Amino acid sequence: MVRDSVSKPIIGQMRMQFWRDAVKSIQENRPPHHPIAMALHKALKEFNIPAYHLKRIIDARDRDLFAPTYMSVDKVTDYAEATSSTMLYTLLSILKLSKSDTLSHAASHIGVASSFVTLLRSLPFHASKRRMIIPADLSSKNGVQEEDVFRCGGSAEGIKDAVYDFATVANNHLLTAREMFKDEGVAEAAMPVFLHAVPTSSYLVNLEKANFDAFDPKLQQRDWKLPPRIWWAARSKKF
């Protein structure tokens with residue numbers, strides 16, 4: 001997260017404003033002399049990527065600087081759609097596939113699932129920084145006390161149930177995306193975008209094996225099975 005790379009939120013806001021200004025300048029064909037900005041200018045012109053996607057990501061990251069806790073699953077979903085899903089929309093634009101409603105809809109669900117899994121994977125890190133990233137509505141539903149999570153990790157009362165609920169929502173998004181391609185699979189041209197779902201699915205499988213203990217050290221290890229799973233997904237055109 002951006003707030004982990006800055007000492008104060010205001011510094012993060014300054015960075016976000018720099019990129020807002022950079023995107024505006026890129027649209028006006030006068031990109032700033034910054035290597036990433038110049039590369040973005042080239043990409044936007046070559047692939048006709050909507051600048052709206054970049055603005056949406058920047059705005060979402062900016063709001064996240066001042067929202068260390070998500071109040072509901074809906075709020076996390078909104079953030080995920082504005083960041084991870086929007087990045088996948090951008091990749092579809094690069095591949096000239098953005099006009100497909102089916103691909104865009106599926107990418108939306110994959111992006112949300114991916115964001116949820118990123119949060120679940122990072123739960124131990126955020127707890128060590130005294131931040132709770134499980135949505136407050138799920139924590140409340142399962143009787144989770146933040147201080148218990150900060151002190152006891154995976155043994156805190158109710159945390160495994162809250163993780164289970166959060167992971168279930170992520171998995172439902174994956175299932176919805178898969179349902180759209182159940183007959184013929186994903187078009188070969190679009191498969192590079194949807195391979196993004198493979199590590200997301202892999203983590204959820206491993207989390208279930210760990211009895212939904214997101215603090216299990218094994219979940220932080222590299223999964224040697226992931227590369228062959230990605231290869232098979234690309235070959236079978238299913239994720």
Side-chain angles (χ1 to χ4, degrees), residues 1-6 12 16 53 56-91 106-139 144 149 153-154 159-160 162-178 192-210 212-223 225-227 229-230 233 239:
M1 293 185 177
V2 177
R3 61 172 172 264
D4 292 318
S5 63
V6 295
M16 294 300 102
H53 289 335
R56 190 182 187 196
I57 293 171
I58 292 168
D59 288 344
R61 297 291 190 189
D62 193 3
R63 290 192 297 271
D64 185 59
L65 288 168
F66 295 93
T69 301
Y70 298 105
M71 297 308 297
S72 68
V73 172
D74 287 344
K75 290 294 185 183
V76 191
T77 301
D78 290 343
Y79 176 76
E81 289 179 343
T83 52
S84 294
S85 296
T86 300
M87 184 59 70
L88 296 184
Y89 299 153
T90 302
L91 295 178
S108 174
H109 287 288
I110 295 298
V112 172
S114 174
S115 285
F116 283 17
V117 162
T118 297
L119 290 173
L120 285 167
R121 189 193 298 274
S122 64
L123 178 56
F125 168 78
H126 287 293
S128 72
K129 302 293 184 181
R130 299 186 63 80
R131 292 196 297 258
M132 185 60 171
I133 50 84
I134 299 293
D137 55 352
L138 296 185
S139 295
V144 178
V149 177
I159 187 61
K160 290 183 181 178
V163 167
Y164 168 81
D165 286 346
F166 201 25
T168 297
V169 180
N171 193 56
N172 286 342
H173 280 284
L174 270 181
L175 294 176
T176 299
R178 284 173 178 159
V193 176
F194 291 93
L195 290 178
H196 198 70
V198 179
T200 299
S201 176
S202 180
Y203 177 84
L204 290 174
V205 170
N206 291 334
L207 180 63
E208 183 177 11
K209 291 179 180 177
F212 297 96
D213 180 3
F215 290 82
D216 189 327
K218 293 179 181 178
L219 292 173
Q220 302 301 322
Q221 297 175 358
R222 291 185 178 181
D223 184 358
K225 296 179 181 179
L226 186 56
R229 284 173 179 162
I230 292 174
F239 52 86

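Worth saying up front: this structure is predicted, and the values here are computed from it rather than measured.
- Considering all non-hydrogen atoms of both residues, Ile134 and Phe166 come closest at CD1-CD2, 3.7 Å.
- Ser72 and Asp137 form no side-chain donor-acceptor contact under 3.5 Å, judged by distance and modelled atom types alone.
- Not one N or O on the side chain of Glu208 forms a donor-acceptor pair closer than 3.5 Å with the backbone of Tyr203.
- Of the inter-residue distances, the one linking Thr200 atom OG1 with Leu195 atom CG reads 11.0 Å to the nearest 0.5 angstrom.
- Screening residues 76-85 for salt bridge (Lys or Arg N to Asp or Glu O under 4.0 Å), with sequence neighbours left out, gives no hits.
- Taking CG of Asp64 as the reference point, atom CE of Met16 lies at 10.0 Å (rounded to 0.5 Å).
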**Request:** Verify side-chain contact (heavy atoms from CB on, under 4.5 Å) between Val149 and Phe215, making sure each step is shown before the conclusion.
**Result:** CA-CA 10 Å; Val149 177; Phe215 290 82; 3.9 Å; yes

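- The shortest non-hydrogen separation linking Gly153 to Ile159 is O-CG2, 3.8 Å.
- Closest non-hydrogen pair, Gly111 versus Ser85, comes out as CA-OG, 3.5 Å.
- Formation of a donor-acceptor pair under 3.5 Å by the Thr118 side chain with backbone atoms of Ser114 is found in this model.
- Arg229 and Asp223 are joined by a salt bridge, as a carboxylate oxygen and a charged side-chain nitrogen come within less than 4.0 angstrom of each other.
- A donor-acceptor pair is defined here as one N or O able to donate and one able to accept, closer than 3.5 Å; such a pair exists between the side chain of Thr77 and the backbone of Val73.
- Ser84 places no side-chain N or O within donor-acceptor distance of the main-chain N or O of Ala80, the cut-off being under 3.5 Å.
- Side-chain atoms of Arg61 and Thr83 form no donor-acceptor pair, as typed in the model, at a separation below 3.5 Å.
- Ser122 places a side-chain N or O within donor-acceptor distance of the main-chain N or O of Leu119, the cut-off being under 3.5 Å.
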**Request:** With side-chain contact (heavy atoms from CB on, under 4.5 Å) as the test, would you mind laying out the steps for Phe239 and Ile110 before giving the verdict?
**Result:** CA-CA 10 Å; Phe239 52 86; Ile110 295 298; 3.6 Å; yes

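- Side-chain contact between Pro135 and Lys75 is absent, with no heavy-atom pair separated by less than 4.5 Å.
- The closest side-chain donor-acceptor pair between Tyr89 and Arg56, if any, does not fall under 3.5 angstrom.
- Looking only at side-chain heavy atoms (C-beta outward), Pro124 and Gln220 come within less than 4.5 Å of each other.
- In this structure, Ser128 contributes its side chain and Phe125 its backbone to a donor-acceptor pair below 3.5 Å.
- A pairwise comparison of heavy atoms in Val163 and Ala214 identifies CG2-CB, 4.2 Å as the closest pair.
- Between Asp216 atom CG and Gln221 atom CD the span is 8.5 Å, to the nearest 0.5 Å.
- Using bins of under 30°, 30° to 60° and over 60° for the plane-to-plane angle, the ring pair Phe116/His173 lands in the perpendicular bin.
- Taking all atoms of both residues into account, the shortest heavy-atom contact from His53 to Thr86 is O-CG2, 3.4 Å.
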